[in-house]
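The block underneath contains the structure these notes are about, expressed in structure tokens.
In each ligand, atom 1 is the first atom listed, and ligand 1 is the first ligand listed. In this chain, residues are counted from 1 in sequence order.
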Amino acid sequence: MAKFLSRALTAVLVFSYGLFTLVLYGLIAVKNGTYFKRPTEKEELELQLARDRLWNLSEDFEGLSHHMLTLQSGFKFHFVANDKPNTPETINSDRPLVIFIHGFPDSWAIWRHILKSPSLRQAASLVAIDLPGYGGSESLDKYDATNVLEKLTELIITLRTEYGVDSSEESNKKRTIIVAHDWGCVLSMRLAAEAPALAHRFILSNGPIAKLVQANIRRILSTTKKMLGNAWRSPRHARVPLMQALRTLAPLGRQFFLSGYIFAMQMPVPFVLQFLTGGNYSLLKGVHLRASGGILTPYEAAEGMASSMGPSVAEFKSKTASGDTYPATLENERAFAHVMHMAGYYRDHASVARWVKSIETVASLHSISSGSELRHSSSGAGLFDEGPTGALKASSTIFWGQQDIALDQRICLDGMNDFLVNDSQIVLLPRTGHWTPVEPESRAALIKVVEWAAQGEQGDVGTVIQKSYPGAKVTVRR
Ligand SMILES: *[C@@H]1O[C@H](CO)[C@@H](O)[C@H](O)[C@H]1NC(C)=O
Ligand SMILES: *[C@@H]1O[C@H](CO)[C@@H](O)[C@H](O)[C@H]1NC(C)=O
Ligand SMILES: *[C@@H]1O[C@H](CO)[C@@H](O)[C@H](O)[C@H]1NC(C)=O
């Protein structure tokens, strides 16, 4: 009975806070005049053009071509790349493979600025994927950890073969680098913790390690409890411990306030649809506006929305050079409810739920880890060699915009050192917010970091970053 009551109470609280957020965001959009604003003819045309630019499979985007990859399990992924997969030139070249993984509410196209870099294209084979349920990739019924991470792992292993990292004779013939942002970062942190053989370096931007966040919340709550206990025991001297308790709680309170949208995503479907698409997508439009620092040309605004919305019915008719099309199931479903797939990652707990690896996954991870045991043998601090649960076991570069309006740095990064292995860094970017792949200063620095990783990590990454981003703080774990 007590259990039932506490569960019911939790559900009521989650719903109430979600509803509060929905109404609050709606009112803000009304106040800003975006909620009832009808798109002009020019804006509609721009959106159509942007969707054609980003999603027409028969056209290159600035020299990047579209590809569909069907996994052994039958699941279809969409990605864009500078080098064609599975050709002798690509497989035999010694350029490393860099895989870019986007977050919410984006697609491969959040990397479009970075992918244009000529020096980066020269340095590596660049592959930018759409996560399941996003852009042109197929959807899942449920976005729990096992479903999502199994698909992602199979994709990465297949890409490694098609880009010549592994062959049937030899593994790790060249480097693989995973670059990820937001939800892509959350998922990639799980890969770095639970399948570290997938890449030689993970570059991870503005997404939390769920286990570290949980540990920080527990720590804050238990410290606060102690201080409140002190205040309770000696009421006459309660002021100091009460103030301390408030100060300790502040980051948690801030994160709770910033996380309102996560609660909104837990509500019943009609509410979530209203939240994500109400006012003609005023929320997503607001996200893209913020990402660009508050100013957007109609061209850029349309590209942002086209990145979120994926292909339209028109682009479903297009074909890649090799005759592939988008998954047939998408055409009907994406038109209206595609945002529910994005919300699925929040609703089905992909960040914390257990990943039950299939036998096939375990076998393929084993086969690509040959010759790389040394790399993963040393791990972070902690009582055991394994480090705390959720600790990353591959070399990682945490690339963090400190002005993030979705993630409190103290909640997400305090204690991070214990979650990192040898050869990892934390890069703090004081003038950057959440959207590191989009904001001009951080995206230039990100290009440099990826180049550094692709070119074999010569020299000090701190020097490389500080040259393109003065004031960036780099702490290194060796
Ligand atoms: C919403 O936006 C789309 C695309 O810009 C447009 O075609 C449609 O008319 C808009 N609907 C409303 C109710 O403003
Ligand atoms: C996609 O591009 C092809 C080739 O340029 C063009 O013929 C086709 O009309 C385009 N499709 C759409 C929906 O614009
Ligand atoms: C880190 O790696 C270097 C070589 O890459 C090695 O010499 C050193 O012992 C390692 N440190 C730890 C703590 O494992």
Could you please spell out the steps behind the side chain to side chain contact (heavy atoms under 4.5 Å, CB included) verdict for Leu155 and Ile99? CA-CA 10 Å; Leu155 171 68; Ile99 302 172; over 6 Å; no
With Glu59 via side-chain hydrogen bond (donor to acceptor under 3.5 Å, both in side chains) - residues at least two apart: none
Once salt bridge (charged side-chain N to carboxylate O under 4.0 Å, His left out) is applied, do any residues pair with Glu150, and if so which ones, sequence neighbours excluded? none
Taking only heavy atoms of the protein into account, state which residues are under 4.0 angstrom from an atom of ligand 2, in chain and number order. Asp52, Asn56, Ser58, Glu59, Ala314
Looking only at side-chain N and O atoms, does Ser167 offer a donor or acceptor that is under 3.5 Å from a partner on Glu170? no
Which residue pairs pass the salt bridge (Lys or Arg N to Asp or Glu O under 4.0 Å) test with at least one member in residues 178-196, sequence neighbours excluded? Arg190-Glu194
Just by distance, do the side chain of Ser395 and the backbone of Val421 share a donor-acceptor pair under 3.5 Å? no
